[in-house]
Amino acid sequence: MEKVRRISFRARATLKLSKPLEEEKRNELSNWIKLRAGELLSKGTRIKEEAAKVENFEVFDNKIILEISSGRSVRPHDALARLRKAIGEELGKKLGVGVREIQIEDYEIIFEGSNFRKINLPFTKEITSNENEVRVKLNLTEKEIYSQVPDRIVKLFLEKQQEVPTGKEIHEVRWSSQQKPHKYNVDPSLELVKRGWVKRFDQGIWYYMPPFAALMRTMEKIIVEEIAVPNGFVEAYFPKLITLEVMRKKGQLYGIPNEMFYVCEPISRDASYFEDYMDKVKVTNETLPTELLGKLKPPTYALPYAQCEPFYEIFSGEIVDVDQGPIKLFDRSGFSFRYESGGLTGLERLNAFNRIEITYLGTPEQVVEIRDKLVDSYQRVLDKTLDLEVRTVEVTPVWMAHAGVTSDVQRSVPATLDFEVYLPYRGERETSEWLEVGNASVHFDKYMQWYNVKEKKEREVWTGCSGNGLERWVVSLLANHGFNPEDWPKEFRKYLEKLPENIKLVTWP
Ligand code: SER
Ligand code: ZN
């Protein structure tokens, strides 16, 4: 339902002049504004009512005070910037002055419409409303004028008026393997702990002891050899300390800042700076986080969350050439991190987990074809090599949720497909929750825009990515086939015949 009928702006601002003006020149400046402002502030506007207008103004010896109103076309912040520039260019020489500074006294955005939700907005002095409108009064300096903050506030206001998606409201099964008989019905996480194949390190963080490590490496080998390489992907190492700027470009700083881990650098590399802290640790054995905090910078990095964040950055500010064919890379160089909420017990939900992140860039046709072939490969491996009961599901695009995008992109093809495995210990296949073990996405041209990537001839370029949780693949195998290697599917055993011995302690496992 469309709630907004019209958006308009009103502002009161002062243009401070670089030098005082005598009366004659003040009159000249007044006349110039009367004659020029109308044309200047409606330039490029098709609908006249949407353009900016100088409602009132007064020229003093060292400043001009203006009241500007507008619709959505040339907004007051644009109008002020245009006026400043034109005064400099057209009158600067003649009057011997320019505009030194723009000072905003009032800046109001008026949203006409009904049924608005109550929301919070940044840079806001006051929000008032009645049945017909909401008025947002902003607190702005020249910096926000030039960085177009008011436009982003409008966008944010409109976004926040929409229903917040719950994450997975689309869930449509697109393909299913055959139903398979189930030999095993135990929660593998409990059994893994009991056998000592894994050992808890901290909340959602585990040691993978030799038998489990061998299973993880086997899954990795299967994904690389049966999915990534046959589809033409080549290995690369992606950075694992991700600058906040790259997180911002991917949208994660406004999409999921509450789900990432952050990394702080010490303020100094000089050990003497830490002497008092080191001494305290020695004499108290405490870790003293508050003492330490003063010696750390605010976070400069976050840990990889989607793992593909740095992929798009390769192309940022660069020019790609789709005539060279699509770009296909995969990264298996380490953990991904998600700040999950408390009480994590099993290995299906983790703060630190492993995945092979598969990333691609090309023309829309190429990206769609690459994704479709990946989907075929995933389905075959999960169904045949691992002999699991599996289905492919179209879901709400996960990458959009990560970027806090609430209004959907126009979808010509499914944006995200998930692969879900049935876990017998969770109950009936019809009613229980299946485990998502991977996904394959098309991002359309979104990241090309957000990361500012150009194409040689301005042809359309799309990206996509596909990830998988290796721990979940192991859990899926064990939950369906049990812990005895002899019961594992033949195709899987080709990769791993025997498990290595585990270490044994008096008290563990
Ligand atoms: N990067 C995608 C995700 O975070 C695929 O792994 O889900
Ligand atoms: Zn990704």
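Just so you know, residue 1 is the first one in the sequence shown, and it goes up from there.
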Between [X] and [Y], ring centroids under 6.0 Å:
{"X": "Y277", "Y": "Y273", "value": "no"}
{"X": "F483", "Y": "W197", "value": "yes"}
{"X": "F111", "Y": "F157", "value": "yes"}
{"X": "F233", "Y": "F330", "value": "no"}

State whether a side-chain donor-acceptor pair under 3.5 Å links [X] with [Y].
{"X": "N354", "Y": "Y208", "answer": "no"}
{"X": "Q203", "Y": "N351", "answer": "no"}
{"X": "H182", "Y": "Y422", "answer": "no"}
{"X": "T124", "Y": "K137", "answer": "no"}
{"X": "D151", "Y": "Q148", "answer": "no"}
{"X": "S466", "Y": "Y378", "answer": "yes"}
{"X": "E420", "Y": "H171", "answer": "yes"}
{"X": "S336", "Y": "R355", "answer": "yes"}
{"X": "Q379", "Y": "T392", "answer": "yes"}
{"X": "E389", "Y": "Q179", "answer": "no"}
{"X": "E275", "Y": "S272", "answer": "no"}

- Task: Let me know which of L386, V437, I356, N468 forms a side chain to side chain contact (heavy atoms under 4.5 Å, CB included) with M219.
- Result: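 Output: one option passes, namely L386.
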- Would you please test Y107 and H77 for side chain to side chain donor-acceptor pair (under 3.5 Å) and show each step? CA-CA 9 Å; Y107 199 110; H77 56 280; 2.7 Å; yes
Without swapping roles, check the side chain of [X] against the backbone of [Y] for a donor-acceptor pair under 3.5 Å.
{"X": "N231", "Y": "E226", "result": "no"}
{"X": "Q252", "Y": "I256", "result": "no"}
{"X": "T396", "Y": "I170", "result": "yes"}
{"X": "K454", "Y": "G317", "result": "no"}

- Task: Using side-chain hydrogen bond (donor to acceptor under 3.5 Å, both in side chains) as the criterion, list what pairs up with H481, not counting sequence neighbours.
- Result: K183
- Message: Tell me which one of W399, F311, W462 satisfies ring-ring contact (aromatic ring centres under 6.0 Å, His included) with H443.
- Response: W399
- Please report the C-alpha distance between S147 and E144 in whole Å, then the side-chain angles of each, then the deciding distance to 0.1 Å, and finally whether the side chain to side chain donor-acceptor pair (under 3.5 Å) criterion is met. CA-CA 5 Å; S147 56; E144 288 82 51; 5.7 Å; no
- Query: Taking atom CG of L329 and atom CD1 of I327, what is their separation to the nearest 0.5 Å?
  - Reply: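 Separation between the atoms: 7.0 Å.
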- Message: According to salt bridge (charged side-chain N to carboxylate O under 4.0 Å, His left out), who are the partners of K118, at least two apart in sequence or on a separate chain?
- Response: none
- Query: Does E486 have any salt bridge (charged side-chain N to carboxylate O under 4.0 Å, His left out) partners at least two apart in sequence or in another chain, and if so, which?
  - Reply: none
Over-ring placement of [X] relative to [Y], 6.0 Å and 45° cut-offs:
{"X": "R338", "Y": "Y305", "value": "yes"}
{"X": "R391", "Y": "W175", "value": "no"}
{"X": "K250", "Y": "W450", "value": "no"}

- Message: Is it true that, when you exclude Y146 itself, more than 12 heavy atoms of the residues, nucleotides or ligands shown sit nearer than 6.0 Å to its OH?
- Response: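 Counting other residues, nucleotides and ligands, OH of Y146 exceeds 12 neighbours.
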List the atom of [X], the atom of [Y], and the distance in Å for their closest heavy-atom pair.
{"X": "P509", "Y": "G196", "value": "CB-CA, 3.6 Å"}
{"X": "L138", "Y": "P122", "value": "CD2-O, 4.3 Å"}
{"X": "P489", "Y": "L477", "value": "CD-CD1, 4.1 Å"}

Below 4.0 angstrom, N of the basic side chain to O of the carboxylate: do [X] and [Y] qualify?
{"X": "R174", "Y": "D418", "value": "no"}
{"X": "E340", "Y": "R349", "value": "yes"}
{"X": "E235", "Y": "R332", "value": "yes"}
{"X": "R459", "Y": "E455", "value": "yes"}
{"X": "E313", "Y": "K249", "value": "yes"}

